[in-house]
Amino acid sequence: MVTLAVSAEGPGAWDEWRKAFQEVAPQIQTVSWFDPAFDPSKADYALVWHPAPGDMAKMAKMRAMLCSGAGVNQLVGRGDFPKDVMLVRMGGDQTAVLMADYVLWAIVSLLRDARTWALQQERKIWRRNLEYRTSAETTIGILGYGNLGSAVARRLSKAGFQVSAWCRRVRPVEDIPLYFGEDGKVELLGKTDILVNLLPSTPQTRGLIDAEFLSHLKPGGSLINVGRGDQVVAEDLISALDSGRMPGAVLDVFAPEPLPEDSAFWQHPKVFVTPHVAAEASCKMQAAYVAGAIGEIEAGKVPALTYHPDWGY
Ligand code: GLV
């Protein structure tokens, strides 16, 4: 029997994780990282999200670390990250479907200017702000075409939108038109009505979405950020919104989080703020995914969502 030490989301989350693993993966022995009797040298795997400073060094002899998030930038940039241990990102159907659901909601909210409806409702204003652009007339540009980006692209395409994506790795031809490199980026942005950021946070993508980047976006284009907050230069986004070039934004991720009280995003009439909730699968579904990944590793395989140091995600 393999042993999985659970550190993800802190001691308060242990009970839920314990029950989830008991239900979907009784073949895995779980132990709380926070149990005073716990000895890291006795565990084969660790489930982590934001481990306390120094904790990851204690995982250096484990077979793998599994992250309860799809993004691992919060782990791999740290001094105590054990570089020789396999690290696997969160995946699974529920994560991808939740992300696609969220993006669909965000897109329709932007198309219909639902932020204005919400503001009007607060003040009991009956003003019929009709919008006429339909899904078929709307081009979505997705930044990133990995596990989540490709799932979102397929779902949006099925929903009737025109969908393209920008990605780093050249791939075989797909139904979704893909763009690569600097020229591809400019071409994609130039035809994009709604931009969806799903890139991982790496040294190449931090600060990527700045004034220069946004200047290539089709006039009237909007932004949905479900990647990481550090990829967007907040002041540049606010300027684009305030100048009238960008009609709206839906933001789920910020730098830092929680979003500070004095952030201009909170009360901005063109911005939807959500508290980093786009795609967190239930503990049960995450446990099932983790158990599947552990099964693959035990069978000598490398799970598809294994962190790749050269790629940075
Ligand atoms: C959350 O943002 C995650 O990385 O899954």
Side-chain angles (χ1 to χ4, degrees), residues 6-10 12-13 16-17 20 46-51 55-56 64-78 81 86-106 142-153 155 167-168 195-209 223-232 234 249-259 265 272-293 303-309 311-313:
V6 179
S7 143
E9 284 93 38
E16 208 181 330
W17 282 122
L47 178 61
V48 298
W49 170 236
H50 262 300
D55 274 3
M56 278 197 296
M65 289 161 54
L66 298 112
C67 180
S68 66
V72 292
N73 55 296
Q74 70 284 3
L75 304 174
V76 301
R78 278 173 39 171
F81 175 61
M86 182 187 281
L87 170 63
V88 182
R89 296 181 275 126
M90 184 49 59
D93 285 352
Q94 197 183 46
T95 304
V97 174
L98 284 171
M99 184 58 91
D101 285 348
Y102 177 98
V103 172
L104 208 43
W105 163 77
I142 301 182
L143 304 176
Y145 196 71
N147 180 47
L148 293 176
S150 57
V152 170
R155 177 75 177 284
C167 54
R168 196 184 54 78
L195 185 66
V196 180
N197 177 40
L198 267 162
L199 290 167
S201 174
T202 67
Q204 289 75 36
T205 67
R206 278 174 218 130
L208 177 77
I209 304 175
L223 175 71
I224 296 168
N225 191 14
V226 277
R228 282 285 184 263
D230 61 12
Q231 296 163 329
V232 173
V250 180
L251 309 174
D252 186 53
V253 286
F254 303 89
E257 291 181 8
L259 182 62
F265 289 134
F272 273 103
V273 167
T274 59
H276 202 145
V277 289
E280 186 167 321
S282 67
C283 276
K284 192 170 146 185
M285 289 298 132
Q286 292 194 55
Y289 169 83
V290 166
L305 300 184
T306 297
Y307 166 69
H308 210 293
W311 302 349
Y313 59 92

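Ligands are counted one by one from 1 in listed order, and the atoms in each one are counted from 1 as well.
Within 4.0 Å of ligand 1, counting heavy atoms only, the contacting residues are Trp49, Gly69, Ala70, Gly71, Arg228, His276.
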What verdict does the side chain to side chain contact (heavy atoms under 4.5 Å, CB included) test give for Trp17 and Leu47, after you've listed the backbone C-alpha separation in whole Å, the side-chain angles of each residue and the deciding distance to 0.1 Å? CA-CA 10 Å; Trp17 282 122; Leu47 178 61; 3.9 Å; yes
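The 12-atom threshold is exceeded at CD of Gln94, counting heavy atoms of other residues, nucleotides or ligands nearer than 6.0 Å. The environment of CG in Asp101 is crowded: more than 12 heavy-atom neighbours from other residues, nucleotides or ligands sit within 6.0 Å.
Screening Glu9, Arg89, Gln286 against Ser68 for a side chain to side chain donor-acceptor pair (under 3.5 Å) leaves a single residue, Glu9. Test Thr202, Thr205, Asn73 against Gln231 for side chain to side chain donor-acceptor pair (under 3.5 Å) and you get one pass: Thr205.
In this pair, Trp311 and His308 present their aromatic rings parallel. The plane angle is below 30°, not in the 30 to 60° band.
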